[in-house]
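As the structure lists them, so they are numbered: ligands from 1, and atoms in each ligand from 1. Quantities reported herein were computed from a predicted structural model and do not represent experimental measurements.
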Amino acid sequence: MELRSYTQHYHIIIEQQFDTLKEWIDEHKHSSYFVLVDSNTAIHCLPKLLERFDEMDFEILEMEAGESSKSLDTAQTLWHQLMEKGADRDSLLINLGGGVVCDMGGFVASTFKRGIDFIHIPTSLLAMVDAAIGGKTGVNFEQYKNQIGTFEHAKLVYVFPPFLETLPVRHLKNGYAEVIKHAVLDRPKHLDEIRKVNWNDWRSFQDIITISIIFKTKVIQSDFEESGSRKQLNFGHTIGHAIESLSLKRDKEPILHGEAIAIGMVIETFLSKKLAKLDGEDAKIIISEILNHFEIYNLKPDTIPNILEYIVHDKKVKEGVPYFALLDQIGEADWNIKVSEDNIREVLDQYIANYCS
Ligand SMILES: NC(=O)c1ccc[n+]([C@@H]2O[C@H](COP(=O)([O-])OP(=O)(O)OC[C@H]3O[C@@H](n4cnc5c(N)ncnc54)[C@H](O)[C@@H]3O)[C@@H](O)[C@H]2O)c1
Ligand SMILES: [Zn+2]
């Protein structure tokens, strides 16, 4: 399945060769071309790109791989390198990497000289279906995620699924959590489609990526500024972010975002049954899909106060009350549900009683 979507905001291409990317670059002339990579995509992805563009004069910018590089310090280094290498307002920045490179590169480009063009070539599953889509850029600041950033669309999102060949399975699964989220928000048929996943064959992800992107694009197009329906994409993320923060604080090897979101979705499915209209049958389907692929994150009752504390500091809280995006059924969400501390306690207790030792 190939996708070429040309709309006002979105210009997304998924394909197996670099032909359309070549055409796009020829058509959209820029004064100079920069490619941002991290220390892994420099090894695994950049050579594949350069091989097809051997006649192009690309300047390579490299950052350390990993979330801790998504900082203002790195942005400053990159702005400096752009200046030093003569970038001007008509330069193009090509972000070749996972969500960290896309968020970082989008931020650097959208602020450099009040904004230069950038394109995303996402190389992780998470970036292909999520981070590269939707126009959010940014860096972490003072230990909090994505605090400084911009809303700015890439001129092109170019998805080349063969890059997944070198992505470690743990990172494939990380992206798959967002794939499950899109499927349960979209419709039952989408869930059937994603069950075709085979962790040992990147080819099994091609159609999954396309339908996941189509769904996210549809949601964002109807609500770019996140004042309404885009909030449904927060499903699993209020509790998921709290678990992610807890793990970052207490675990030597913290779990990944997707792993935390998977557990967040299990607990928010309990909440959906309690406070929204989700029935037991749909809840069972969602939870078993998640637990087929993700491990339980062991929580003890004494961590509940910490989790509640993280939730109160979440950006989805207004005047001290957390708002959740919950499911009424597979394919239908409600994104403005007020949830009390007691409700959260109850579903955390339920999770601990059912799954934790
Ligand atoms: N802007 C948004 O809307 C949005 C949405 C979701 C997530 N994000 C952000 O995305 C980031 C997470 O993205 P991620 O999971 O892609 O993390 P990441 O960019 O750190 O990539 C994960 C790891 O895989 C490596 N890698 C990437 N592609 C590879 C490939 N093809 N072969 C081998 N190794 C490869 C990276 O170097 C890194 O070590 C977070 O910072 C998160 O905040 C942003
Ligand atoms: Zn997420």
For this session: Could you tell me if any non-hydrogen atom of His257 lies under 4.0 Å from any atom of ligand 1?
Result: no
For this session: With rounding to the nearest 0.5 Å, note down the distance linking OG in Ser110 to NE2 in His153.
Result: 12.0 Å
Exercise. Protein N, O or S atoms less than 2.8 Å from the Zn ion (ligand 2), ignoring waters?
Worked result: Glu178 OE2, His237 NE2, His257 NE2
For this session: Please determine, by modelled atom types, if Asn146 and Lys136 share a side-chain donor-acceptor pair under 3.5 angstrom.
Result: no
Problem set entry | Thr20 side chain to Glu15 side chain, donor-acceptor N/O pair below 3.5 angstrom | yes
Exercise. Distance from Leu92 atom CG to Asp117 atom CG, nearest 0.5 Å?
Worked result: 6.0 Å
Exercise. Counting heavy atoms only, which part of Ala65 comes closer than 4.0 Å to ligand 1: side chain, backbone, both or neither?
Worked result: side chain
Exercise. Below 4.0 Å from any atom of ligand 1, is there a heavy atom belonging to Cys45?
Worked result: yes
Problem set entry | ligand 1 to Lys136 polar contact by distance, N or O atoms, under 3.5 Å | yes
Exercise. Side chains of Ser340 and Asn343: donor-acceptor distance under 3.5 Å anywhere?
Worked result: yes
For this session: For ligand 1, indicate whether the residue Lys145 contacts it via side chain, backbone, both or neither (heavy-atom separation under 4.0 Å).
Result: side chain
Exercise. In the hydrophobic clustering that connects Ile, Leu, Val, Met, Phe, Trp and Tyr at side-chain heavy-atom distances below 4.5 Å, which members other than Phe107 occupy its cluster, ordered by chain and number?
Worked result: Phe34, Leu36, Leu61, Met63, Leu72, Leu78, Trp79, Leu82, Met83, Leu93, Val100, Val101, Met104, Val108, Phe112, Ile116, Phe118, Val139, Phe141, Ile148
For this session: Could you tell me whether Asn40 and ligand 1 have an N or O pair separated by under 3.5 Å?
Result: yes
